[in-house]
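One-based numbering, in listed order, for ligands and for the atoms of each.
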Amino acid sequence: MTNKGTRYFQIWERRGKALSVCVMLLSGTDQESKQSNSYRVSTTALYLFLIMHPSIISNSPSPKTFEEVQFFNRNNYHRGIDWYMDFFPIPSNVTTDFLFEKSANYFHSEEAPKRVASLIPKAKIITILIDPSDRAYSWYQHQRSHEDPAALKFSFYQLLIIDGQQLRTDPATVMDEVQKFLGVSPHYNYSEALTVLADLRPRATICCQISEKLG
Ligand SMILES: Nc1ncnc2c1ncn2[C@@H]1O[C@H](COP(=O)(O)OS(=O)(=O)O)[C@@H](OP(=O)(O)O)[C@H]1O
């Protein structure tokens with residue numbers, strides 16, 4: 001635990017806040033895109049379902065960071081635990097150990113996991129994963145609705161999404177789809193050219209088989 005983490009933890013204990021705070025480190029699947037990788041993964045639905053529960057309390061919105069607290073990933077962390085806890089106004093008639101917050105950018109922050117581990121070692125963390133192609137399509141439609149120039153330039157019909165697992169186990173079918181997508185002719189019969197076992201052999205073996213077949 002860092003010195004700062006230790007100090008915060010002592011303050012935390014002094015305040016008697018021995019609470020289980022659930023920090024939602026929300027995740028999309030596009031880890032390359034730092035801007036968008038935690039959006040469109042159904043966080044709103046989960047958030048709304050959680051706050052329906054009478055024993056679960058979420059943070060009050062932060063006007064500065066589009067409602068999310070963004071405590072663990074940004075300089076807000078240096079404002080201290082009191083600043084953070086002020087986002088959790090617990091009504092006097094409610095007793096609960098279940099507080100949570102979701103801040104989409106925690107997922108790809110390098111600092112956030114370390115800080116959470118220092119400050120709330122028993123935190124429970126929820127991550128949502130969705131199919132990357134579903135998520136990509138959702139994000140694309142979202143960007144178009146906000147008139148993002150890049151999204152408006154391309155139709156989704158210009159994009160073919162390949163299942164990487166299927167490419168390993170059933171490459172001939174995938175290559176049929178690729179040919180159809182490209183509109184290339186003549187149709188090349190990959191079934192005859194490739195004989196790849198459908199089980200999960202080591203990649204080197206599969207590559208060797210393909211190379212041998214392609215000669
Ligand atoms: N009940 C339920 N369960 C699971 N998913 C649901 C549910 N309700 C809505 N949705 C879908 O959530 C998608 C929006 O995700 P987010 O709320 O994370 O979007 S945002 O980042 O806050 O803009 C968005 O997905 P797409 O419709 O594919 O874009 C919503 O349809």
Open item on the list: In terms of relative ring orientation, are Phe87 and Trp83 parallel, tilted or perpendicular, with 30° and 60° separating the classes?
Closed with: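 Rings of Phe87 and Trp83: perpendicular, as their planes differ by over 60°.
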TODO: Within a distance under 4.0 Å of any heavy atom of Thr43, pick out the atoms of ligand 1 and give their elements.
DONE: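 The atoms of ligand 1 under 4.0 Å from a heavy atom of Thr43 are 16 (P), 17 (O), 18 (O), 22 (O).
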TODO: Determine, using ring centers only, whether Tyr190 and Tyr188 are less than 6.0 Å apart.
DONE: yes
Task: Residue selection (non-hydrogen contact nearest atom 7 (C) of ligand 1) among Ala45, Ser145, Ser138 - done: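 Looking at heavy atoms only, Ala45 sits closest to atom 7 (C) of ligand 1.
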Result block: side-chain N/O donor-acceptor pairs under 3.5 angstrom for residues 151-160, not counting sequence neighbours:
residue : atom : partner : partner atom : Å
Ser155  : OG   : Tyr157  : N            : 2.9
Gln158  : OE1  : Ser155  : N            : 2.8

Task: Mode of Phe49 contact toward ligand 1 - side chain, backbone, both, neither (heavy atoms, under 4.0 Å) - done: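 The side chain, only.
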Just list the side-chain donor-acceptor pairs under 3.5 Å for residues 109-117, sequence neighbours left out, or say none.
residue : atom : partner : partner atom : Å
Ser109  : OG   : Glu111  : N            : 3.2
Ser109  : OG   : Glu111  : OE1          : 3.3
Ser109  : OG   : Ala112  : N            : 2.9
Arg115  : NH1  : Phe72   : O            : 3.0
Arg115  : NH1  : Arg74   : O            : 3.1

Open item on the list: Quick check: His142 and ligand 1, any N/O pair under 3.5 Å apart?
Closed with: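 It does not: no N or O of His142 is found under 3.5 Å from an N or O of ligand 1.
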